[in-house]
Amino acid sequence: TVRNKNCIAVISNETFKLVRTFSVDENYIPYGICLWNDYLFIACQTAILKYNIHGRFIHCYPVDFNTLFVSVTKSGNIVYSNTVKNCVVAIDIRGDEIWKYTDSKLHSPHGIDQDGFDNLFVASTKTNTVHIISCDGAFIRIIEDISKPIFMKIDEKSRTCCVCCNFRRIKVYRIE
């Protein structure tokens with residue numbers, strides 16, 4: 001996502017060169033993005049926008065203010081983190097809420113990704129933790145002492161989790 005230009009930049013994973021861009025609705029600022037079944041889901045603070053991979057707008061899901069990151073489960077449920085309400089919420093493809101996860105150690109949840117078992121990893125920036133929850137919102141465990149995690153990406157092949165900490169450092173953790 002390119003916030004200052006309200007667009008999505010598509011970059012080649014072979015050459016890392018810009019392939020194309022497409023604009024996002026001017027009323028929204030794009031933050032987190034997720035690719036699922038040839039659709040892009042873009043978290044934009046007050047909405048999650050759905051586009052096809054060619055940049056054609058499909059749907060707008062209104063959400064509570066300060067939704068910055070999004071993921072989609074294997075079954076197609078849209079999961080987002082809300083930094084103001086300190087929660088993670090799942091909605092179905094119609095936009096109806098399915099579940100909401102909260103925890104006393106979940107403050108300012110940001111990045112969200114999932115592993116091959118469809119477990120969700122959520123960065124809790126203010127508590128220096130990563131929460132692992134099932135795709136149906138059930139608590140699994142908390143990983144502690146990860147300094148200000150903002151964004152994360154899980155690589156299933158290498159069983160690693162790459163975490164951007166405080167917008168400055170990237171740390172790689174082995175998933176056990």
Side-chain angles (χ1 to χ4, degrees), residues 1 8-14 19 22 24 28 30-45 47-64 66-83 85-103 105-106 109-125 129-143 146 149-164 170 172-176:
T1 59
I8 303 301
V10 180
I11 299 170
S12 164
N13 60 350
E14 287 93 26
V19 175
F22 65 87
V24 174
Y28 299 103
Y31 285 86
I33 190 169
C34 177
L35 175 64
W36 180 81
N37 284 0
D38 292 335
Y39 293 102
L40 295 171
F41 292 83
I42 306 160
C44 300
Q45 290 189 326
I48 294 172
L49 306 179
K50 180 180 179 182
Y51 286 80
N52 70 16
I53 59 170
H54 304 291
R56 188 175 69 87
F57 174 78
I58 304 293
H59 192 76
C60 176
Y61 300 93
V63 293
D64 290 326
N66 234 15
T67 294
L68 303 178
F69 293 91
V70 63
S71 188
V72 179
T73 65
K74 289 179 182 176
S75 62
N77 293 329
I78 303 160
V79 181
Y80 61 89
S81 57
N82 184 292
T83 60
K85 293 196 172 183
N86 295 316
C87 63
V88 178
V89 178
I91 58 176
D92 62 21
I93 205 69
R94 294 179 312 275
D96 297 327
E97 186 175 307
I98 300 169
W99 55 259
K100 183 184 286 189
Y101 171 81
T102 60
D103 187 274
K105 289 188 174 183
L106 185 68
H110 277 67
I112 187 167
D113 200 14
Q114 60 196 21
D115 64 13
F117 300 105
D118 219 14
N119 295 319
L120 300 160
F121 288 62
V122 182
S124 180
T125 302
T129 60
V130 171
H131 293 243
I132 303 173
I133 56 179
S134 68
C135 64
D136 60 0
F139 172 83
I140 295 175
R141 72 180 176 133
I142 295 175
I143 302 170
I146 299 177
I150 301 290
F151 172 82
M152 68 182 57
K153 189 67 183 156
I154 295 173
D155 180 22
E156 261 318 296
K157 291 178 187 170
S158 65
R159 299 285 301 147
T160 58
C161 180
C162 183
V163 181
C164 176
I170 295 176
V172 178
Y173 295 89
R174 187 148 206 62
I175 299 172
E176 301 293 328

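Since we're looking at a predicted model, the values are computed, not measured.
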Ignoring hydrogens and angles, write down the donor-acceptor pairs under 3.5 Å from the side chains of residues 47-58, residues two or more places apart or on other chains.
residue, atom, partner, partner atom, Å
Tyr51, OH, Asp25, N, 3.3
Asn52, OD1, His54, N, 2.9
Asn52, OD1, Gly55, N, 3.0
Asn52, OD1, Arg56, N, 2.9

[X] (side chain) donor-acceptor with [Y] (main chain) under 3.5 angstrom:
X      : Y      : result
Trp36  : Asn77  : no
Tyr28  : Ala43  : no
Ser81  : His110 : yes
His131 : Lys105 : yes
Thr1   : Ile42  : no
Thr160 : Arg174 : no

Interatomic distance, [X] atom [atom1] to [Y] atom [atom2] [nearest 0.5 angstrom]:
X      : Y      : atom1 : atom2 : result
Ile91  : Ile98  : CD1   : CD1   : 8.0 Å
Ser75  : Asp118 : OG    : CG    : 6.5 Å
Ile132 : Cys161 : CD1   : SG    : 8.5 Å
Asp113 : Asn119 : CG    : CG    : 11.5 Å
Thr102 : Asn82  : OG1   : CG    : 12.0 Å
Ser71  : Ile78  : OG    : CD1   : 10.5 Å

Within the 4.5 Å heavy-atom criterion, are [X] and [Y] side-chain neighbours or not?
X      : Y      : answer
Phe41  : Tyr80  : no
Ile154 : Gln114 : no
Thr73  : Val79  : yes
Pro109 : Tyr101 : no
Ile170 : Cys162 : yes
Val70  : Tyr61  : no
Phe69  : Val122 : no
Ile140 : Phe117 : no

*side chain to side chain donor-acceptor pair (under 3.5 Å) contacts touching residues 85-98 (sequence neighbours left out)*: Asp64-Lys85, Asp92-Arg94, Arg94-Asp96

Please name the pair of heavy atoms, one in [X] and one in [Y], separated by the smallest distance, quoted to 0.1 Å.
X      : Y      : result
Cys60  : Pro62  : O-CD, 3.5 Å
Cys44  : Pro30  : SG-CA, 3.8 Å
Val19  : Ser12  : CG2-N, 3.6 Å
Val163 : Pro149 : CG1-CB, 3.7 Å
Leu40  : Phe22  : CD1-CZ, 3.5 Å

*Return yes when atom OH of Tyr31 has more than 12 non-hydrogen atoms of other residues, nucleotides or ligands closer than 6.0 Å, and no otherwise.*
yes

_If you count heavy atoms of other groups shown closer than 6.0 angstrom to NZ of Lys74, is the number above 12?_
yes

*Show your working on side chain to side chain contact (heavy atoms under 4.5 Å, CB included) between Leu68 and Gln45 and close with a plain yes or no.*
CA-CA 5 Å; Leu68 303 178; Gln45 290 189 326; 3.7 Å; yes

